[in-house]
Amino acid sequence: MLEARRQGKIRFISITNHRMTLAHEAIRSGLYDTLQFPFCYLATDKDIAVAEACREAGMGFIAMKGLSGGLINNSAAAYAWLAQYEHVLPIWGVQRERELREFLSYIHNLPPSRRRSPPWWSGTGPNSRGISAGAAATACPAPQGSRSITVPGCPL
């Protein structure tokens, strides 16, 4: 991966995992630009510590399973909890059209200042990775499965 980055074939190296020890090992290694890890309002102090360790290391943190695989059914509450972590970028595993509509309704009603990507994503923060947030600002999440939903005016 490092050689591919040196050759300009890739720009970033990321890792996804579910194990606490592996997450900390990846952060300490300095090899990765982002870590994708389960993170939701059911998170323990140890999970929060992983997200904070990424921030301290200048590494992006992508929160997966924000709805805990369907266990959490209030997407607005899930988003509100995740939004308190400016350095965390959630990805949503929306399973039902109702969840998607609820989530998008919540986002649409946020003040513009709360609809931002984390500083490391947009290239504005001290640990910026220089990733353009343009596509993220215009692409709406789609539910998992065979169908996708088009939501006019979606800010995501």
Side-chain angles (χ1 to χ4, degrees), residues 1-72 75-95 99-100 103-104 106-107 110 112-145 148-149 151 154-156:
M1 291 183 297
L2 293 172
E3 182 61 28
R5 184 164 52 190
R6 274 191 288 275
Q7 293 174 2
K9 294 178 180 177
I10 62 172
R11 293 188 310 166
F12 305 101
I13 301 171
S14 300
I15 187 169
T16 300
N17 79 84
H18 294 77
R19 295 187 178 182
M20 191 72 59
T21 54
L22 183 58
H24 283 292
E25 184 180 319
I27 296 165
R28 284 190 305 271
S29 76
L31 296 173
Y32 302 97
D33 298 295
T34 64
L35 169 68
Q36 183 173 309
F37 196 78
F39 197 63
C40 69
Y41 69 66
L42 301 176
T44 67
D45 289 342
K46 290 180 180 181
D47 298 319
I48 294 169
V50 170
E52 290 302 312
C54 283
R55 183 186 56 75
E56 290 168 7
M59 190 174 164
F61 186 92
I62 301 170
M64 67 171 147
K65 301 187 182 274
L67 298 175
S68 194
L71 181 63
I72 298 170
S75 58
Y79 182 85
W81 185 84
L82 282 166
Q84 71 182 317
Y85 297 94
E86 288 188 358
H87 63 287
V88 171
L89 179 68
I91 57 171
W92 298 98
V94 175
Q95 307 265 330
E99 293 170 344
L100 177 64
F103 169 70
L104 293 175
Y106 177 78
I107 299 298
L110 283 175
S113 64
R114 296 291 298 179
R115 286 189 231 151
R116 65 188 180 284
S117 296
W120 59 265
W121 178 268
S122 63
T124 60
N127 298 320
S128 167
R129 299 293 184 184
I131 305 170
S132 169
T138 59
C140 289
Q144 291 178 320
S148 64
I149 298 172
V151 182
C154 175
L156 298 177

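The first residue in the sequence is number 1, and the count goes up from there. None of these values were measured; they are calculated from a predicted model.
Between Phe39 and Tyr85, a ring centre-to-centre spacing shorter than 6.0 Å is recorded.
The pair Glu3-Arg6 meets the salt-bridge criterion, since a charged nitrogen lies less than 4.0 angstrom from a carboxylate oxygen.
Of all non-hydrogen atoms in Gly66 and Leu82, the two that sit nearest each other are CA-CD1, 4.3 Å. For the pair His87 and Glu52, the tightest heavy-atom approach, listed with the atom from each and the gap, is CE1-OE2, 3.1 Å. Counting all heavy atoms, side chain and backbone alike, Leu35 lies closest to Val50 at CD2-CG1, 3.6 Å. The two residues Arg11 and Arg5 make their nearest non-hydrogen contact at O-CD, 3.4 Å. Nearest heavy atoms, Ala23 versus Phe37: CB-CE1, 3.7 Å.
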request  = Let me see the working for Ile91 and Gln36 under side-chain contact (heavy atoms from CB on, under 4.5 Å), right down to the final yes or no.
outcome  = CA-CA 9 Å; Ile91 57 171; Gln36 183 173 309; 3.7 Å; yes
task = Evaluate side-chain contact (heavy atoms from CB on, under 4.5 Å) for Met64 paired with His18, printing each intermediate quantity in order.
result = CA-CA 10 Å; Met64 67 171 147; His18 294 77; 3.7 Å; yes
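Here Lys65 contributes atom NZ and Ile72 contributes atom CD1; the two are 12.0 Å apart, rounded to the nearest 0.5 Å. A distance of 7.0 Å separates CD1 in Ile62 from OG1 in Thr16, rounded to the nearest 0.5 Å. The structure places OG of Ser29 at 13.0 Å from NE2 of His24, a figure rounded to the nearest 0.5 Å. To the nearest 0.5 Å, atom CZ of residue Phe61 and atom CG of residue Leu89 are 10.5 Å apart.
Between the side chain of Gln84 and the backbone N or O of Trp81, at least one donor-acceptor pair lies under 3.5 Å. The closest donor-acceptor contact from the side chain of Asp33 to the backbone of Ile13 lies under 3.5 Å.
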